[in-house]
Engineer: 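Here it is: the structure, laid out below.
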Amino acid sequence: FETTIRALGGLLGAHALTGDGIYVKRAKDLGQRLLPGLKGNAKGIPYSDIDVGRGVGGFRGGMASTSEATSLGPENFALSQITGDPSFAKAANSVNKLFHSLDKLDGLAVIEIDPDDPSLTQGKVFSLGARG
């Protein structure tokens, strides 16, 4: 999440401001390295942590942050649009569809979910904010 919004988003923003293609090249490289994390586990939950050198991800603490997992779209949609490579938008769309398909409690979702048994209604903390 942090690398996506800060590094990838920064590269895309730099390209938008300058038009310099080096930023697109670096953004695509980083996006490809982050893609296994966005695709996530067998249930489709994006990994909270990704080794960008090896393409291996996991969930630090065993849980996934709902806000982090569901806010990776803008950078990936923009990357697909700029590069013409649909794989980034496709992966982000898969995450969106998964989370939209899960039940919510009066429109609210728990702040953390079990990546092996995704549910937005099973948990202790429901909040309008990212971390309660």
Side-chain angles (χ1 to χ4, degrees):
F1 169 78
E2 295 295 338
T3 303
T4 298
I5 67 167
R6 299 189 197 297
L8 184 57
L11 290 165
L12 294 168
H15 173 261
L17 291 172
T18 67
D20 191 332
I22 190 66
Y23 296 115
V24 174
K25 181 179 178 183
R26 298 290 183 239
K28 185 171 183 180
D29 177 61
L30 180 57
Q32 288 170 329
R33 292 170 181 270
L34 292 171
L35 199 53
L38 180 59
K39 291 180 179 178
N41 70 356
K43 300 283 185 176
I45 304 298
Y47 291 121
S48 61
D49 297 274
I50 180 84
D51 179 330
V52 295
R54 297 184 306 134
V56 177
F59 298 98
R60 187 168 294 172
M63 299 294 275
S65 164
T66 303
S67 62
E68 290 178 3
T70 58
S71 59
L72 302 170
E75 294 83 4
N76 284 285
F77 290 126
L79 187 56
S80 279
Q81 183 178 18
I82 291 168
T83 64
D85 181 344
S87 62
F88 308 106
K90 182 179 177 185
N93 260 334
S94 293
V95 174
N96 288 346
K97 287 179 183 178
L98 170 66
F99 278 86
H100 282 286
S101 74
L102 297 174
D103 290 334
K104 289 108 185 141
L105 182 64
D106 294 327
L108 295 176
V110 291
I111 63 170
E112 291 185 323
I113 63 170
D114 180 347
D116 295 319
D117 186 19
S119 169
L120 297 178
T121 60
Q122 302 300 313
K124 296 179 182 176
V125 180
F126 289 80
S127 173
L128 297 176
R131 295 283 180 185

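Bear in mind the structure is a predicted one, so any value in this text is a computation, not a measurement.
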Engineer: Just wondering, more than 12 heavy atoms not from Asp103 lying within 6.0 Å of its CG?
Structural biologist: no
Engineer: Any chance you could measure Thr70, atom OG1, to Ile45, atom CD1, to the nearest 0.5 Å?
Structural biologist: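 It comes to 10.0 Å.
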Engineer: Following the transitive rule for hydrophobic clusters with a side-chain heavy-atom cut-off under 4.5 Å over Ile, Leu, Val, Met, Phe, Trp and Tyr, establish whether Val56 and Leu72 coincide in one cluster.
Structural biologist: no
Engineer: Which value, rounded to the nearest 0.5 Å, describes the distance between Glu68 atom CD and Ile5 atom CD1?
Structural biologist: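 Rounded to the nearest 0.5 Å, the CD-CD1 separation comes to 8.5 Å.
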Engineer: Would the distance check show the side chain of Asp106 and the main-chain N or O of Leu108 forming a donor-acceptor pair, the cut-off being under 3.5 Å?
Structural biologist: no
Engineer: I need the minimum non-hydrogen distance between Ala92 and Gly73, along with the two atoms involved.
Structural biologist: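 That would be CB-CA, 4.0 Å.
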Engineer: For Thr4 and Leu8, which heavy atoms make the closest approach, and how far apart are they?
Structural biologist: O-CB, 3.2 Å
Engineer: Got a second to check how far Ser65's OG is from Arg60's CZ, nearest 0.5 Å?
Structural biologist: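 Atom-to-atom, Ser65:OG and Arg60:CZ are 13.5 Å apart.
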Engineer: To the nearest 0.5 Å, tell me how far Ile82 CD1 sits from His15 NE2.
Structural biologist: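 Rounded to the nearest 0.5 Å, the CD1-NE2 separation comes to 6.0 Å.
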Engineer: Do the side chains of Thr3 and Leu30 get nearer than 4.5 Å, heavy atoms only?
Structural biologist: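 Yes, side chains in contact.
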Engineer: Of all the heavy-atom pairs spanning Lys43 and Leu98, show the shortest one and how long it is.
Structural biologist: O-CD2, 3.5 Å
Engineer: To check you understand the geometry: which heavy-atom pair defines the closest contact between Lys104 and Thr121, and what is its length?
Structural biologist: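 It is C-CG2, 3.6 Å.
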Engineer: Does Leu102 share a hydrophobic cluster with Met63, counting links as ILVMFWY side-chain heavy atoms below 4.5 Å and allowing steps through other members?
Structural biologist: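 No: no chain of side-chain contacts under 4.5 Å links Leu102 to Met63.
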Engineer: For a quick test of reading the model, state the closest non-hydrogen atom pair linking Leu12 to Ala78 and the distance between them.
Structural biologist: CD1-CB, 4.1 Å
Engineer: Could you check Asp114 against Gln122 for side chain to side chain contact (heavy atoms under 4.5 Å, CB included), going step by step and ending with a plain yes or no?
Structural biologist: CA-CA 9 Å; Asp114 180 347; Gln122 302 300 313; over 6 Å; no
Engineer: Say you draw a straight line from OG of Ser119 to CD1 of Ile113; how long is it, rounded to the nearest 0.5 Å?
Structural biologist: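 Result: 8.5 Å between the selected atoms.
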Engineer: Answer yes when Asp29 and Arg33 have at least one side-chain N-carboxylate O distance shorter than 4.0 Å, and no when they do not.
Structural biologist: yes
Engineer: If you group Ile, Leu, Val, Met, Phe, Trp and Tyr by side-chain heavy-atom gaps below 4.5 Å, do Val52 and Leu35 land in one group?
Structural biologist: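 Looking at the clustering, Leu35 is in the same group as Val52.
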Engineer: Between CD of Glu75 and CZ of Arg6, what distance do you get to the nearest 0.5 Å?
Structural biologist: 10.5 Å
Engineer: Between Asn41, Leu38, Leu34, which is the residue that forms a side chain to side chain contact (heavy atoms under 4.5 Å, CB included) with Tyr47?
Structural biologist: Asn41
Engineer: Grab the two heavy atoms, one from Thr66 and one from Ala109, that are nearest each other, plus how far apart they are.
Structural biologist: CG2-CB, 4.4 Å
Engineer: Between Phe88 and Phe77, does the ring centre distance come in under 6.0 Å?
Structural biologist: no
